[in-house]
Asks: 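Just dropping this structure here.
Side chains included, hydrogens not; waters and symmetry mates left out as well; all remaining heavy atoms used. Predicted, not measured: the structure shown is a model, and the values here were computed from it.
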Amino acid sequence: MAKINPIQLQKHLKGVSYPASKQDLMDAAEENGADDDVRSMLDELPDEEYETPAAVNKALGGVDSDDE
């Protein structure tokens with residue numbers, strides 16, 4: 001799985017109020033025009049609350065650890 005640029009990710013998550021659930025993140029990404037790759041990565045996140053944008057980036061770092 002490709003890695004996502006954290007700045008691009010936050011553009012797709014514009015308007016999210018933290019803490020945010022996985023579903024909140026996925027809904028925001030869809031509303032902000034995220035492509036299938038971004039939505040797929042968010043879909044693989046653990047179903048939990050994320051306290052900050054940095055927490056989302058960190059969790060996604062764990063999601064794509066099989067990328068090599």
Side-chain angles (χ1 to χ4, degrees):
M1 178 178 301
K3 293 186 179 192
I4 186 167
N5 179 312
I7 295 169
Q8 284 299 113
L9 175 64
Q10 293 313 313
K11 287 181 181 179
H12 294 306
L13 299 180
K14 180 179 173 186
V16 172
S17 296
Y18 291 89
S21 68
K22 172 183 170 179
Q23 190 61 52
D24 292 335
L25 300 174
M26 293 181 64
D27 290 347
E30 187 169 343
E31 289 172 17
N32 290 315
D35 62 22
D36 289 341
D37 290 338
V38 172
R39 291 194 314 245
S40 175
M41 289 183 72
L42 290 171
D43 190 46
E44 292 186 32
L45 285 172
D47 193 10
E48 58 187 51
E49 292 282 313
Y50 296 89
E51 297 294 322
T52 64
V56 176
N57 288 335
K58 183 176 179 183
L60 284 171
V63 168
D64 61 24
S65 62
D66 63 339
D67 183 37
E68 286 184 78

Asks: What I'd like to find out is whether the side chain of D43 reaches to under 4.5 Å of the side chain of M26, using heavy atoms alone.
Replies: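 The answer is yes; the side chains approach within 4.5 Å.
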Asks: So, S21 versus D24: side-chain donor-acceptor pair below 3.5 Å or not?
Replies: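 Indeed, the side chains of S21 and D24 share at least one donor-acceptor pair under 3.5 Å.
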Asks: For the residue pair H12 and A34, what are the closest heavy atoms and their distance?
Replies: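 Heavy-atom minimum between the residues: ND1-CA, 3.5 Å.
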Asks: Please identify each residue that fulfils side-chain hydrogen bond (donor to acceptor under 3.5 Å, both in side chains) with T52, with sequence neighbours left out.
Replies: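 Partners of T52 under the side-chain hydrogen bond (donor to acceptor under 3.5 Å, both in side chains) test: none.
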Asks: Which residues satisfy the side-chain hydrogen bond (donor to acceptor under 3.5 Å, both in side chains) test with D27, sequence neighbours excluded?
Replies: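 Residues passing side-chain hydrogen bond (donor to acceptor under 3.5 Å, both in side chains) with D27: Q23.
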Asks: Please report the shortest heavy-atom distance between I7 and N5, naming the atom on each side.
Replies: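 Result for this residue pair: N-OD1, 2.7 Å.
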Asks: Going by side chain to side chain contact (heavy atoms under 4.5 Å, CB included), name the residues that satisfy it together with D36, two or more places apart in sequence or in a different chain.
Replies: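 Scan of D36 (side chain to side chain contact (heavy atoms under 4.5 Å, CB included), adjacent residues dropped) gives R39.
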Asks: How close do Y50 and A59 get, counting heavy atoms only, and between which atoms?
Replies: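 Minimum heavy-atom separation between Y50 and A59: CE2-CB, 3.6 Å.
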Asks: So, for V16 and L25, which heavy atoms are closest and what is the spacing to 0.1 Å?
Replies: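 Between these two residues, the closest heavy atoms are CG1-CD2, 4.0 Å.
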Asks: Taking atom CD of E30 as the centre, does the number of heavy atoms from other residues, nucleotides or ligands within less than 6.0 Å exceed 12?
Replies: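 Count not over threshold, so no.
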Asks: Can you tell me how far CG of D35 sits from CD of Q8, rounded to the nearest 0.5 angstrom?
Replies: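 The CG atom of D35 is 9.5 Å from CD of Q8, to the nearest 0.5 Å.
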Asks: List for me each residue that meets side chain to side chain contact (heavy atoms under 4.5 Å, CB included) alongside D47, sequence neighbours excluded, and say none if there are none.
Replies: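 Side chain to side chain contact (heavy atoms under 4.5 Å, CB included) list for D47, sorted by chain: K22.
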Asks: What pairs with Q10 under side chain to side chain contact (heavy atoms under 4.5 Å, CB included), at least two apart in sequence or on another chain?
Replies: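 By the side chain to side chain contact (heavy atoms under 4.5 Å, CB included) rule, Q10 matches L13, Y18, P53, N57.
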